Amino acid sequence: QKEVEQNSGPLSVPEGAIASLNCTYSDRVSQSFFWYRQYSGKSPELIMSIYSNGDKEDGRFTAQLNKASQYVSLLIRDSQPSDSATYLCAVNHRDSGAGSYQLTFGKGTKLSVIP
Amino acid sequence: KAGVTQTPRYLIKTRGQQVTLSCSPISGHRSVSWYQQTPGQGLQFLFEYFSETQRNKGNFPGRFSGRQFSNSRSEMNVSTLELGDSALYLCASSPSGGPSGNTIYFGEGSWLTVV
């Protein structure tokens, strides 16, 4: 069974600091990786996708991927109270039985940004 | 472009009843996935449909079923409801799925309470 692991938190950081969220996955051949943000009572919204090793930056967000270590991270610079949410890591992997691709989600890390 | 639309947004059912949830994907998206989200288990994959065919299925009992219509709209049904079925049911759509094209976009979800 393909697994995606995240530290459940809560992770508390002061406003303006860098928040670092981590994710590991079990399927070595996974090819695409996503970060979603979910506010309480709302549905997940896509923040970042990353497919190649290295860093990908989008505004205050940077996704980092290391396929050799099976590790994905999300850095949030200049954290704001509005960033307080649960962050979900998702990994796309091939279901060998079905021959199709499926996203598996971690259980999420709850981030609190303290003003 | 309109997002993923789910109906109904909130519903309360009694144990033993059945429920049908509806999802209209983003225009042009042919893949529709369904997820169940609970506080304890996180986001769990139910099934995925593509071109009216179930392409992938998660580890849920047969009481959970779904279908997709020719216009890509999808429905999921849960029969003989149990208290443990109380959850947020999320529909997500993507253009086609696949190894690096499986970015999914979620609807607002249907909150089901079983009493």
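Everything numeric in this text was worked out from a predicted model, so none of it was measured. Residue numbering restarts at 1 for every chain, and letters A, B, ... go by the order of the sequence lines. Note: hydrogens, waters and symmetry copies are ignored here, and every other heavy atom, side chains too, is used.
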* **Closest non-hydrogen atom pair between B/I104 and A/Y36, with its separation** =>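 Looking at all heavy atoms of both residues, the shortest contact is O-OH, 2.6 Å.
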* Asked: Do you know the tightest heavy-atom contact between A/K107 and B/G40?
  ->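 In this case the closest contact between A/K107 and B/G40 is NZ-O, 3.3 Å.
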Between [atom1] on residue [X] and [atom2] on residue [Y], distance to nearest 0.5 Å:
X      : Y      : atom1 : atom2 : value
B/E48  : A/L103 : CD    : CG    : 9.5 Å
B/Y105 : A/L46  : OH    : CG    : 5.5 Å
B/Q44  : A/F105 : CD    : CZ    : 12.0 Å

* Mind ranking A/Q38, A/E45, A/K42 by heavy-atom pairs under 4.5 Å with chain B and telling me who comes out on top? =>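 If we count pairs closer than 4.5 Å to chain B, A/Q38 comes out on top.
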* Is it true that a side-chain atom of A/S43 and a backbone atom of B/G109 form a donor plus acceptor pair closer than 3.5 Å? ->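 Such a contact is absent between A/S43 side chain and B/G109 backbone.
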Any chance [atom1] of [X] has more than 12 other-residue heavy atoms, nucleotides or ligands included, within less than 6.0 Å?
X     : atom1 : value
A/R60 : CZ    : yes
B/Q54 : CD    : yes
A/K67 : NZ    : yes
A/R28 : CZ    : no

* Please check if B/W111 and B/F106 belong to a single hydrophobic cluster, counting links between Ile, Leu, Val, Met, Phe, Trp and Tyr side chain heavy atoms closer than 4.5 Å. =>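 Yes; B/F106 is reachable from B/W111 via cluster members.
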* What about A/I47 and A/L65, same hydrophobic cluster or not, with Ile/Leu/Val/Met/Phe/Trp/Tyr joined at side-chain heavy-atom distances under 4.5 Å? ->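 Per the 4.5 Å side-chain linkage, A/I47 and A/L65 are co-clustered.
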* Decide yes or no on side-chain contact (heavy atoms from CB on, under 4.5 Å) for A/F34 and B/T103, but give the supporting numbers first. => CA-CA 8 Å; A/F34 306 88; B/T103 302; 3.2 Å; yes
* Asked: Considering only heavy atoms, which portion of B/L90 lies under 4.5 Å from any heavy atom of chain A: side chain, backbone, both, or neither?
  ->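 When you check distances to chain A, only side chain atoms of B/L90 fall under 4.5 Å.
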